[in-house]
Engineer: 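Please read through the structure below; I'll follow up with questions.
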Amino acid sequence: FDAILREDQGAAEKDLSAYKNVWVFVEQREDKIMPVAIELLGEGKRLAKEIGVELCAVLLGEDIGELAKDCIAYGADKVYLAQHPLLKVFTTDGYTKVISELIQAEKPEIVLLGATHIGRDLAPRVAARVDTGLTADCTKLEIDQEDKKLLQTRPAFGGNIMATIVCTKHRPQMATVRPGVMDKAVSDAGRSGQIIEVPVNLEKKDIRTEVIKVVKSDKAMVALEEAEVIVAGGRGLGKPEGFQLLEQLANRLGGVVGASRATVDAGWINHDHQVGQTGKTVKPRIYIACGISGAIQHMAGMQGADIIIAINKNPDAPIFGIADYGIVGDLYEVVPALIDGLERV
Ligand code: FAD
């Protein structure tokens with residue numbers, strides 16, 4: 001069932017008429033726009049159109065003027081571009097200060113951020129600074145046709161219900177959105193828009209931390225959300241070595257290996273591979289679930305796949321309820337047979 005929660009009941013009435021436009025925080029790393037920001041620009045455009053306002057991108061970094069043009073190509077009408085050596089690498093203090101001050105000056109109606117490590121760190125701090133609420137980890141956003149408020153839907157109570165949350169008395173309406181849930185904006189290099197250079201009032205003493213070294217994560221961590229094919233394993237593997245078999249199938253198909261939480265909790269595989277409510281949301285063309293029962297929290301992360309293939313020895317496993325193709329059998333017989341078959345193609 002759906003729950004409608006009003007996060008700020010009892011708050012004093014504020015004049016909200018000055019707040020307008022939809023903002024998307026465009027997360028960039030090493031001068032590349034993160035995929036979730038492209039998804040949010042697509043979603044933000046849709047919401048802005050429904051309310052009849054502009055879509056604005058907020059971009060922070062150093063020497064990233066080219067990315068501002070990309071934001072316009074992806075649908076932004078305006079880009080607030082804050083460039084400063086102290087913004088080159090993300091710091092909580094630096095980014096919070098710049099974004100909070102910008103929100104206070106420009107008064108957006110809606111602010112969206114990706115529910116990435118950075119977005120999850122930044123969004124609550126910014127929300128507290130500008131005295132508004134935040135709905136974290138949304139999987140759906142809609143505009144209420146009557147009062148044009150943002151309906152923000154996210155899993156709640158361990159993923160057992162979807163709660164729709166409305167920010168009634170504060171602005172902006174802020175949400176983080178899970179990566180991989182929304183469709184990406186399509187780039188149109190012919191679009192025009194306005195780039196506004198934001199004066200950055202930031203000193204070293206404003207930032208209480210210093211980034212000494214950036215340590216890159218392994219390939220799988222980056223690849224899972226981008227993968228076209230995912231071969232995922234669950235407790236049915238029975239042992240950590242089972243993932244080596246899945247790796248062989250994934251390699252044959254040019255894909256990567258995913259996992260259920262049960263296997264991550266058992267220490268069989270790294271959390272970077274986990275799919276689901278407390279893992280990653282993925283949208284591959286093909287998702288092959290091997291020995292995964294299909295708990296609601298797992299399905300929350302992979303039900304957007306184009307084609308779902310389930311291999312499970314229990315014909316009543318819930319995963320078959322959303323699978324396009326199901327194979328009832330022992331994965332240790334089915335997966336080697338698939339690899340064998342692919343080798344002969
Ligand atoms: P099981 O449910 O034990 O299923 C194993 C399956 O393997 C069974 O269906 C069995 O029939 C089959 N099987 C056994 N042997 C074989 C074989 N030889 N061949 C073929 N099939 C076989 N889970 C996630 O995955 N991701 C999340 O992000 C996540 N977040 C959670 C958040 C919360 C707040 C909570 C409460 C739970 C979360 N969970 C999550 C856990 C989730 O509820 C399930 O416990 C978990 O997904 C089960 O993993 P599983 O399917 O691998 O294991």
Side-chain angles (χ1 to χ4, degrees), residues 20-83 87-88 90 95 99 102 106 108-119 122-123 138-143 150 175-198 219 221-230 254-256 280-286 304-306:
K20 57 177 190 317
N21 293 340
V22 175
W23 282 20
V24 167
F25 168 65
V26 174
E27 187 176 326
Q28 59 89 13
R29 280 189 223 164
E30 296 179 335
D31 302 345
K32 279 203 193 76
I33 295 180
M34 298 301 287
V36 68
I38 303 173
E39 291 159 18
L40 288 185
L41 286 168
E43 184 66 6
K45 189 83 197 165
R46 185 182 70 77
L47 298 173
K49 212 168 154 190
E50 271 195 51
I51 319 174
V53 294
E54 289 186 317
L55 173 68
C56 307
V58 179
L59 186 60
L60 277 63
E62 189 191 21
D63 291 334
I64 45 163
E66 281 305 310
L67 296 192
K69 291 183 198 154
D70 291 344
C71 291
I72 290 170
Y74 281 122
D77 301 304
K78 272 186 198 155
V79 183
Y80 291 104
L81 178 63
Q83 303 196 88
L87 295 174
K88 184 172 174 61
F90 171 78
Y95 274 50
I99 296 175
L102 195 59
E106 298 292 328
E109 189 171 358
I110 293 173
V111 178
L112 306 177
L113 300 92
T116 58
H117 292 300
I118 286 180
L122 188 58
C138 292
T139 52
K140 191 168 146 195
L141 299 172
E142 281 170 310
I143 299 295
L150 183 66
T176 59
V177 179
R178 297 200 65 149
V181 180
M182 312 292 181
D183 290 330
K184 280 195 176 120
V186 179
S187 175
D188 171 5
R191 286 193 81 249
S192 57
Q194 194 187 355
I195 298 176
I196 303 163
E197 287 274 357
V198 177
K219 201 171 143 240
M221 187 167 170
V222 187
L224 202 58
E225 286 136 315
E226 293 296 289
E228 299 234 313
V229 178
I230 294 176
V256 295
K280 299 201 164 129
T281 305
V282 296
K283 244 182 158 186
R285 284 180 52 215
I286 303 174
D306 289 346

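All values below were derived from every heavy atom in this structure, side-chain atoms included, with hydrogens, water molecules and symmetry-related copies excluded.
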Engineer: Between I195 and K69, does the side-chain contact (heavy atoms from CB on, under 4.5 Å) criterion hold? Intermediate values first, please.
Structural biologist: CA-CA 8 Å; I195 298 176; K69 291 183 198 154; 4.2 Å; yes
Engineer: Are V177 and E39 packed together at the side-chain level, in the sense that at least one heavy-atom pair is separated by less than 4.5 angstrom?
Structural biologist: no
Engineer: What I'd like to find out is whether the side chain of L150 reaches to under 4.5 Å of the side chain of I143, using heavy atoms alone.
Structural biologist: yes
Engineer: For L141 and M182, what are the C-alpha separation, side-chain angles and deciding distance, and is it a side-chain contact (heavy atoms from CB on, under 4.5 Å)?
Structural biologist: CA-CA 9 Å; L141 299 172; M182 312 292 181; 4.2 Å; yes
Engineer: Please tell me if the side chains of V79 and V26 come closer than 4.5 Å, counting only heavy atoms from C-beta onward.
Structural biologist: no
Engineer: Quick check for you: to the nearest 0.5 Å, what is the distance between K283 atom NZ and D183 atom CG?
Structural biologist: 3.5 Å
Engineer: Can you name the closest pair of heavy atoms from S192 and I72 and give their distance?
Structural biologist: C-CG2, 3.6 Å
Engineer: Taking everything shown except R191 itself, do over 12 heavy atoms lie less than 6.0 Å from its CZ?
Structural biologist: yes
Engineer: Just verifying a value: how many Å separate L55 CG and E43 CD, rounded to the nearest 0.5 Å?
Structural biologist: 11.0 Å
Engineer: Going through the checks in order, is the side-chain contact (heavy atoms from CB on, under 4.5 Å) test met by I33 and L41?
Structural biologist: CA-CA 11 Å; I33 295 180; L41 286 168; 5.6 Å; no
Engineer: With sequence neighbours left out, what residues match E109 under salt bridge (charged side-chain N to carboxylate O under 4.0 Å, His left out)?
Structural biologist: none
Engineer: Can you tell me how far CZ of F25 sits from CG of L102, rounded to the nearest 0.5 angstrom?
Structural biologist: 11.5 Å
Engineer: Can you give me the closest heavy-atom contact between T176 and A123, atom names plus distance?
Structural biologist: CG2-CB, 3.4 Å
Engineer: Can any side-chain N or O of Q83 pair as donor or acceptor with the backbone N or O of I64 at less than 3.5 Å?
Structural biologist: yes
Engineer: Of all heavy-atom pairs between V24 and A37, which one has the smallest distance, and what is that distance?
Structural biologist: CG1-O, 4.2 Å
Engineer: Check this for me: does any side-chain nitrogen of one of K184 and E225 sit under 4.0 Å from a carboxylate oxygen of the other?
Structural biologist: no
Engineer: Got a donor-acceptor contact below 3.5 angstrom from the Y95 side chain to the L87 backbone?
Structural biologist: yes
Engineer: D77 and K45: side-chain contact (heavy atoms from CB on, under 4.5 Å), yes or no, with the steps?
Structural biologist: CA-CA 9 Å; D77 301 304; K45 189 83 197 165; 3.2 Å; yes
Engineer: Kindly write out the residues that satisfy side chain to side chain donor-acceptor pair (under 3.5 Å) with E62, not counting sequence neighbours, or none if the list is empty.
Structural biologist: none
Engineer: To the nearest 0.5 Å, what is the distance between CG (L40) and OH (Y74)?
Structural biologist: 13.0 Å
Engineer: Under 3.5 Å, side chain of Q28 to main-chain N/O of L60, donor-acceptor pair present?
Structural biologist: yes
Engineer: So which heavy atom on R178 is nearest to which on T139, and how close?
Structural biologist: CD-CG2, 4.0 Å
Engineer: For L59 and C71, which heavy atoms make the closest approach, and how far apart are they?
Structural biologist: CD2-SG, 4.3 Å
Engineer: For K20, look at atom NZ and say whether over 12 heavy atoms of other residues, nucleotides or ligands are found less than 6.0 Å away.
Structural biologist: no
Engineer: Measuring only between side-chain heavy atoms, which start at C-beta, is L81 closer than 4.5 Å to I196?
Structural biologist: no
Engineer: Check whether any side-chain heavy atom of I110 lies under 4.5 Å from a side-chain heavy atom of I51, and answer yes or no.
Structural biologist: yes
Engineer: Do you know which two heavy atoms are closest between A115 and P179, and how far apart they sit?
Structural biologist: O-CD, 3.8 Å
Engineer: Describe, in one word, how the ring planes of Y80 and W23 are oriented to each other, choosing from parallel (under 30°), tilted (30 to 60°) and perpendicular (over 60°).
Structural biologist: tilted
Engineer: Which of these passes side chain to side chain donor-acceptor pair (under 3.5 Å) with K78: E54, Q194, E106?
Structural biologist: E54
Engineer: Flag the pair E27 / L122 as yes when at least one side-chain heavy-atom distance between them is below 4.5 Å, and no otherwise.
Structural biologist: no
